[in-house]
**Q** 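Could you have a look at this structure, given as structure tokens, before my questions?
Note that the numbering runs from 1 along the sequence shown for the chain.
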Amino acid sequence: MAGLIVATAAFTFLATTTANSAYGHLVVFQTAAGVGAGLSAAAATETVMGATPGDRAGLGSAINDATRQIGSALGVAVQGSLLVTIHSHHMADRLAGTDVPASLAQTVIHQGLTTIATAPALPDSLRGQLLAAARESFVAGLTGTAFLAAAATLLAAVAATFLLPSQTCQALPTTAPHAPRRGGGAVLGAVPPLLLTPAPSSHSPTAPRITRE
């Protein structure tokens, strides 16, 4: 759970990004998010494999890898879609009251990467307005996805707290292979117990002789 808390803090920090933030802001996020992801991945793998019987370890490993890949794909798809949606709406609002031509505005709204290629060909006044709108729109989408990721990781941390066992399962004590069970029964798979059968002897007619069943 510690890894999820660290990841939540990292995404919350990323949500404070502004258009004037330096690259160091992103370095702090990447470092914290990497630490949180590493701790979470190790704990999740241990949880899955610890709950899987030894003869099905391969199945448990496959399920662990599959769920991780599915989660990564869904995360990229959902957050990418949210970023593009927020960016488009914010870009349309920012360009509504500017001198940027309507045809160019529609192009950069729906194709954000064209802003960088188009800006150098524009007059200085339009170029400044377009680039400022693009930066603010991208930051708006970035912070929106960061809030969503922080909420998802926080929800996962709460679920792990209440749904997962608080202590790891301890291995059951094993019984010695030759030790009989209480009540006189033999341990399954152990060597059959020795039986005492009376046998005649030259010194003592009642002396027992040790034989195997």
Side-chain angles (χ1 to χ4, degrees), residues 1-19 21-92 108-117 134-172:
M1 190 179 103
L4 294 174
I5 297 299
V6 174
T8 301
F11 284 117
T12 303
F13 178 77
L14 181 64
T16 63
T17 305
T18 65
S21 296
Y23 186 72
H25 194 89
L26 184 59
V27 170
V28 173
F29 160 73
Q30 289 179 328
T31 302
V35 172
L39 293 174
S40 301
T45 301
E46 179 64 23
T47 301
V48 173
M49 299 308 297
T52 305
D55 59 343
R56 296 188 176 182
L59 177 61
S61 178
I63 293 175
N64 179 55
D65 292 341
T67 53
R68 187 176 300 176
Q69 294 296 329
I70 293 174
S72 299
L74 287 177
V76 172
V78 172
Q79 289 189 297
S81 299
L82 180 62
L83 189 150
V84 171
T85 301
I86 296 177
H87 175 274
S88 299
H89 286 290
H90 198 275
M91 196 74 171
V108 296
I109 287 173
H110 298 290
Q111 301 176 10
L113 294 178
T114 60
T115 304
I116 300 175
R135 283 193 296 268
E136 293 179 5
S137 300
F138 179 78
V139 170
L142 178 67
T143 54
T145 56
F147 275 122
L148 175 64
T153 51
L154 181 60
L155 181 62
V158 173
T161 301
F162 290 100
L163 298 181
L164 294 180
S166 58
Q167 296 180 352
T168 56
C169 297
Q170 300 294 329
L172 294 176

**Q** Just verifying a value: how many Å separate Asp65 CG and Ile70 CD1, rounded to the nearest 0.5 Å?
**A** 11.0 Å

**Q** Distance check, rounded to the nearest 0.5 Å: His87 atom NE2 versus Thr145 atom OG1?
**A** 12.5 Å

**Q** How would you list all residue pairs meeting ring pair (Phe, Tyr, Trp, His ring centres under 6.0 Å) that involve residues 27-56, not counting sequence neighbours?
**A** Phe11-Phe29

**Q** Is there a donor-acceptor pair closer than 3.5 Å between any side-chain N or O of Thr153 and the backbone N or O of Ala7?
**A** no

**Q** Show, in sequence, the C-alpha distance, side-chain angles and deciding distance for Leu142 and Leu14, and conclude whether the side chain to side chain contact (heavy atoms under 4.5 Å, CB included) test is met.
**A** CA-CA 8 Å; Leu142 178 67; Leu14 181 64; 4.2 Å; yes

**Q** Kindly give the heavy-atom pair with the smallest separation between Leu4 and Ala160, and that separation in Å.
**A** CD1-CB, 4.5 Å

**Q** Drop me the distance from Gln69's CD to Leu74's CG, to the nearest 0.5 angstrom.
**A** 11.5 Å

**Q** Does the separation of the ring centres of His25 and Phe13 fall below 6.0 angstrom?
**A** yes

**Q** To the nearest 0.5 Å, what is the distance between CD1 on Ile5 and CG on Leu154?
**A** 6.5 Å

**Q** Do Thr52 side-chain atoms and Val48 backbone N/O form a donor-acceptor pair below 3.5 Å?
**A** yes

**Q** So which heavy atom on Ala33 is nearest to which on Ala10, and how close?
**A** N-CB, 3.6 Å

**Q** Is the side chain of Ser21 donor-acceptor paired with the backbone N or O of Thr17 at a distance under 3.5 Å, no angle test?
**A** no

**Q** Do Val139 and Arg135 make a side-chain contact, defined as non-hydrogen atoms from C-beta onward lying under 4.5 Å apart?
**A** no

**Q** Would you say Ser61's side chain and Gly58's backbone share a donor-acceptor pair under 3.5 angstrom?
**A** no

**Q** What distance do Asn64 atom CG and Glu46 atom CD have between them, rounded to the nearest 0.5 Å?
**A** 10.5 Å

**Q** Could you tell me which non-hydrogen atom of Ala150 sits nearest to which non-hydrogen atom of Thr12, and how far apart they are?
**A** CB-OG1, 3.7 Å

**Q** Using atom types as modelled and distance alone, determine if a side-chain donor or acceptor of Ser137 lies under 3.5 Å from a backbone N or O of Met91.
**A** yes

**Q** Report yes if the side chains of Leu148 and Val78 come closer than 4.5 Å at any heavy-atom pair, otherwise no.
**A** yes

**Q** Looking at OG1 of Thr45 and CE of Met49, how far apart are the two atoms once the value is rounded to the nearest 0.5 Å?
**A** 8.5 Å

